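Inspection log for the structure reproduced underneath, given as structure tokens.
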Protein chains: 2
Amino acid sequence: MNEETGILDLTMTALAHPTRRAILQRVMRRESRVTELAEPFAISLNAVSKHISVLERAGLVRRRRAWREHWVSFNPVPLDEAAAWIEKTRSFWTARLDALDALLKAEDAAASPQSQRKGRRT
Amino acid sequence: MNEETGILDLTMTALAHPTRRAILQRVMRRESRVTELAEPFAISLNAVSKHISVLERAGLVRRRRAWREHWVSFNPVPLDEAAAWIEKTRSFWTARLDALDALLKAEDAAASPQSQRKGRRT
DNA sequence: ATATCATTCAACTGATCGGATGAATGAAGA
DNA sequence: TCTTCATTCATCCGATCAGTTGAATGATAT
């Protein structure tokens, strides 16, 4: 009944760190080298390389080696699955609220049209 | 430029664990007691209480105490923010793809103004 | 007051995280 | 060959995570 928890685990974990989200945003705009990705951050190059590994483990990013440089590119698929989970959850909730709203409206409608007497109209 | 990273961090972290996602799905359907939430899991009650704390820290869940029972209820707001981040990211990506597609179409049109009509059949 | 119940708090463990540092790899250029 | 460059590997650190067990809390019923 569970829908492949592992993938979601890795994706959400990868998205849980601001540095990784920033890296992802950057690599999404264009395929980048590791050094290039590390440049805006105050942490070591190795730390960035590790963050990229976490993104890679979740499948959000792919590495390609050319010449002496490693190119990192974006892969949107795991993001789709994460979005699907959240949307499924949210839509269930809003549906629940809509149902409640409809119920309240129905009660309201039943109460207001001068049917305020004791015996309920049937 | 950054939109309150901390909230997203906590939300994504909370969603990164399958037990917590399951708890959230359950508590979303109805407000539940801790013991009730713990029942389907093979871990200790304390472990579940901790998971609930993680959800609570992210604001995904609220605790209310009545009588000797603690009732846990769902709060959708942090989920909205997580969904917004992912959607923003995905929409950027698809827009990028659309632009690329348009570019390719334009090139195609420029390269073959009229000779295209029976040239390729694939 | 005491017992009971639902839950949390406190302390501990092993695993993983986020980070630093220094050595190793692998490929190109001299 | 030897050097240089981009990056990873290996190791260590302190912090947090996920889990356990046992004691403490807080409210009610006896």
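In what follows, every heavy atom counts, from backbone to side chain, and hydrogens, waters and symmetry copies are set aside. In this text, all values refer to a predicted model and were calculated from it rather than measured experimentally. Chain A is the first sequence line, chain B the second, and so forth, proteins listed ahead of strands; every chain is numbered from 1.
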Practice task
Go through the N and O atoms of the side chain of A:Asn46 and the base of C:dG18, and report whether any donor-acceptor pair is under 3.5 Å.
Solution key: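 Check fails, no donor-acceptor contact within cut-off.
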I'd like to know if [X] and [Y] make a salt bridge, using a cut-off of under 4.0 Å between side-chain N and carboxylate O.
X: B:Arg30; Y: B:Glu36; answer: yes
X: B:Arg64; Y: B:Glu31; answer: yes
X: B:Lys50; Y: B:Glu56; answer: no

Exercise for the section: Please check if the side chain of A:Ser49 supplies one atom and the backbone of A:Leu45 the other of a donor-acceptor pair under 3.5 Å. Expected result: no
Problem - B:His17 side chain near D:dC17 phosphate (N/O to OP1/OP2, under 4.0 Å) - result: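 No, no such contact exists.
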Handout entry: Phosphate OP1/OP2 of C:dG18: any A:Arg20 side-chain N/O under 4.0 Å
Key = yes
Look at the side chain of [X] and decide which nucleotide, out of [options], has an atom nearest to it.
X: A:His51; options: C:dG18, C:dT8, D:dG19; value: C:dG18
X: B:Arg57; options: C:dT8, D:dT8, D:dC17; value: D:dC17
X: B:Val34; options: C:dG18, C:dT8, D:dA6; value: C:dT8

[N] [atom2] sits how many Å from [X] [atom1], rounded?
X: B:Asp9; N: C:dC17; atom1: CG; atom2: C1'; result: 13 Å
X: A:Leu55; N: D:dT8; atom1: CG; atom2: P; result: 12 Å
X: B:Ile23; N: D:dG19; atom1: CD1; atom2: C1'; result: 13 Å
X: A:Phe41; N: C:dA20; atom1: CZ; atom2: P; result: 13 Å
X: B:His70; N: C:dT8; atom1: NE2; atom2: C1'; result: 7 Å
X: A:Leu45; N: C:dG19; atom1: CG; atom2: P; result: 13 Å
X: A:Arg21; N: C:dG18; atom1: CZ; atom2: P; result: 12 Å

Handout entry: Residue closer to the 5' end of DNA chain C, A:Arg68 versus B:Lys50 (nearest nucleotide)
Key =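 Taking each residue's closest nucleotide, the earlier one in sequence belongs to B:Lys50.
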Practice task
Name the residue closer to the 5' end of DNA chain C, choosing between A:Ser44 and A:Trp67 according to the nucleotide with the nearest heavy atom.
Solution key: A:Ser44
Practice task
Find out whether the Lys NZ or Arg CZ of B:Arg29 is both under 6.0 angstrom from the six-membered ring centre of A:Phe92 and within 45° of the ring's axis.
Solution key: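 The answer is yes, since B:Arg29 meets both limits relative to A:Phe92.
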Practice task
Quick one: label A:Ala47 by what it contacts on the DNA or RNA (base, sugar-phosphate, nothing), any heavy atom closer than 4.0 Å.
Solution key: sugar-phosphate
